[in-house]
Structure formats: structure tokens, C-alpha cells
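Inspection log for the structure reproduced underneath, given as C-alpha cells.
Just so we're on the same page: letters track the sequence lines, and every chain starts at 1. Computed from a predicted structure; not experimentally measured. Heavy atoms only: backbone and side chains are in, while hydrogens, waters and symmetry mates are out.
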2 protein chains.
Amino acid sequence: MDQQQISAYLLKNGVRPLQKRVKIMNYLVSKRNHPTVDMIYSDLIHEINGLSKTTIYNVLNLFVESNVALALNIEGNEIRYDADTSAHGHFKCKICTGIIDFRIKKEEMPVPMLEGFRIDEQHYYLKGVCSFCANKIEA
Amino acid sequence: MDQQQISAYLLKNGVRPLQKRVKIMNYLVSKRNHPTVDMIYSDLIHEINGLSKTTIYNVLNLFVESNVALALNIEGNEIRYDADTSAHGHFKCKICTGIIDFRIKKEEMPVPMLEGFRIDEQHYYLKGVCSFCANKIEA
DNA sequence: CATAAATTTGTAATCATTTCATTTATTAAT
DNA sequence: ATTAATAAATGAAATGATTACAAATTTATG
């Protein structure tokens, strides 16, 4: 996705494609690292002159409201963001703190018996040790 | 579960059954309300003389480490606790903020293809509007 | 009982996030 | 283009949950 495509994508979802918004969305879709606000800030501060952390909070909150990003609450003390809003699960490694996506077909998602409930969001996540870190520990 | 059973349960899981620990665990298993630390504090302060919020944090962290309680990270700004450590999902209502358990059989849980990963925890949660609040809105 | 070890307490520190008033950028109209 | 009106970005200060830590208390052990 280049700047043009990102702008179009935001516009289609009711988000005015302003400079910083486009750059932050571009960061999310190109890095796919499920970053915290701090990670985004440290990486983009070099690229965007005079970027403020508050702006990142504002933009991300807007993204989440507009359904172009997900807020992941895996650990209690940090929110991580994901531009992939399709159905998928997340694995968080306790050692390296990295988050890895894994595909789940919608049909595989268990459907709970909740008569009369309106379900807006489904989240499925795992915690453990990723294969890379597991290998390190063995060695 | 009475005090005796709770003490035995804690002991079996490597947690010394001290007074406040037993009372906090008793609260969790009897109320089943997925409380925050503040909810536990406001309810138990009347019952336990000179209870400190720090103690609740300490005890809950110990419970989670010892696998006798789960820390639920559904909303970014609060951790909620659950003494039911068996496989089940959680639904959080956006309106009344209540959390409702729902059964999922272990077999129904989707198994991701994560070769060489060690999976310690599985979490499945939904957000939306519960039937009770949905009815209110309609009316 | 007395002592040592573990736990609880309360205050202060920390950290992520939000609030808010001000400044700056963007859009629309002239 | 210029200007006026609107929306967004900024930074400092406030908030709120959680943790750190030293002192006081409780629990287990000889």
C-alpha cells in the first residue's frame, strides 16, 4: 500500500486522510509489528518533524472508532495496535514481547450461546513462548 | 466453597492460605463478578479491618502467578479477575460494563498452526451489548 | 514464648493515557 | 489567492491504575 492507497482507504472509512494520519496508518500497515504508542513515537519522530505523542493517541483512537485499526489489550499495562481488522488471532511471547498474527477462519471461531446479545468484537489471543525464544532457552 | 475448602484449594496450588488471601479468594468464587481491584476493595473494606489496596494487588498477582486466578485484559484501562481458570470465554457489555462467562469446550477452541510455540494461556472474549441492555435500548 | 521469616501496610513514585487551552493546518468562500 | 471558519495538532498538566519500598505487623518455627 502506498500513500495514495492509504488515503483512499481512510477516506472510504470516513477518516479524512491528513498527513499525520496517513503516515501513522502507513507505519501500521507496513511494519505490522503491533506497536505501542511509544514504539510508533520513537520510530516516527525522526520522520515527522515536531510529532507529539498526544497526536498519536488522538489518531489511534480515531482509527479504532472508525474500525480501521484494532486496539489489542493483551497485557494489562499496554495497548497495542493492529491495522489488520480481519478475523485473526494473536500470540504474545512472554520472552521477546513480540506479537504474532495467526489466521483463524471465521467458521472456526466458536459461537457462544448468547441469546439476544449483540456481538461487536471478537478477540482471541494466546500467551506463551514463541519458537524462536524457545530454541534460545534450550541452547 | 467454604473457608476450609478454599484454604485446601490454595494450599494444593502452592499458596499459603493466609487470612486475607482466603477472604479475597472467597470473594472471587462466591461473587463471580469479574471484579477490578477497586470493586474488591470497596466490598471487602467493610469486612476486613484495615485492608489495603496494595494487599489486594499483591494477593491477586500471587493468585495469577499460581494459576488460581485469571487476569482479564478486555479493556485497556482495567484488569479484571476471575477465579474460574477452566476454559471459557468472556463477554463484556459496553453499556453496563458487566462481564458474563460463556462455556467453550476445549475442542471448540481453534488450534492455531504455531509450530514449536509453547502456549500457556488461551483467551477468548467478545464485546458488545448484553440482552438486558439491548432490551432497555429498544424500550 | 522468642525469634526469624514472610506478609501487610501506606506513602510516594511510576507509567500510560486523557484533558484542555493554545497554536497550527486545512477547507471553503470570497 | 486571501481570508474566515473549522478541524487538527501540540504540549503541559491532570488523572488513574499499578508498583516500589521501607516500616509495622503477622505468621511460622525452635
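For residues 49-62 of chain A, the set of pairs meeting the side chain to side chain donor-acceptor pair (under 3.5 Å) definition, not counting sequence neighbours, comprises A/Asp38-A/Lys53. Sequence neighbours left out, the pairs with a member in residues 114-133 of chain B that pass side chain to side chain donor-acceptor pair (under 3.5 Å) are A/Lys94-B/Asp120, A/Gln122-B/Tyr124, A/Tyr124-B/Gln122, B/Glu75-B/Lys127, B/Arg118-B/Asp120, B/Glu121-B/His123.
With sequence neighbours excluded, the residues that form a side-chain hydrogen bond (donor to acceptor under 3.5 Å, both in side chains) with B/Glu78 are B/Arg80, B/Lys92. With sequence neighbours excluded, the residues that form a ring-ring contact (aromatic ring centres under 6.0 Å, His included) with A/Phe91 are B/Phe117. Partners of A/Asn135 by side-chain hydrogen bond (donor to acceptor under 3.5 Å, both in side chains), not counting sequence neighbours: none found. Looking at residues two or more places apart in sequence or on another chain, you find a ring-ring contact (aromatic ring centres under 6.0 Å, His included) between A/His90 and A/His34, A/His88. Every residue was checked against the side-chain hydrogen bond (donor to acceptor under 3.5 Å, both in side chains) condition with B/Arg32, not counting sequence neighbours, and none meets it.
Just one residue in the list B/Gln3, B/Met1, B/Arg21 forms a side-chain contact (heavy atoms from CB on, under 4.5 Å) with B/Asn26, and that residue is B/Gln3.
DNA chain C lies under 4.0 Å from at least one heavy atom of each of the following residues of residues 11-29 of chain B: B/Arg16, B/Leu18, B/Lys20, B/Arg21. Heavy-atom distances under 4.0 Å link DNA chain C to A/Asn61, A/Asn77, A/Ile79 of residues 60-84 of chain A, given in residue order. Residues from residues 46-57 of chain A with heavy atoms under 4.0 angstrom of DNA chain C, sorted by number: A/Thr54, A/Tyr57.
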Side-chain donor-acceptor distances from residues 12-20 of chain B under 3.5 Å, at least two apart:
{"from": "B/Asn13", "atom 1": "ND2", "to": "B/Tyr9", "atom 2": "O", "distance (Å)": "2.8"}

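Bracketed by its first and final contacts, the part of DNA chain C lying under 4.0 Å from non-hydrogen atoms of chain A reaches from C/dA16 to C/dT27 in 5' to 3' order.
Cluster membership check: B/Met25 shares its hydrophobic cluster with B/Ile45, using side-chain heavy-atom separations under 4.5 Å among Ile, Leu, Val, Met, Phe, Trp and Tyr. The cluster map of Ile, Leu, Val, Met, Phe, Trp and Tyr, joined by side-chain heavy atoms under 4.5 Å apart, puts A/Leu70 and A/Leu62 in different clusters.
Note on B/Asp84 versus B/Arg103: salt bridge recorded, some NZ/NE/NH1/NH2 to OD/OE distance being below 4.0 Å.
Contact annotation for B/Asn58: base contact, defined as any heavy-atom pair under 4.0 Å involving a base atom.
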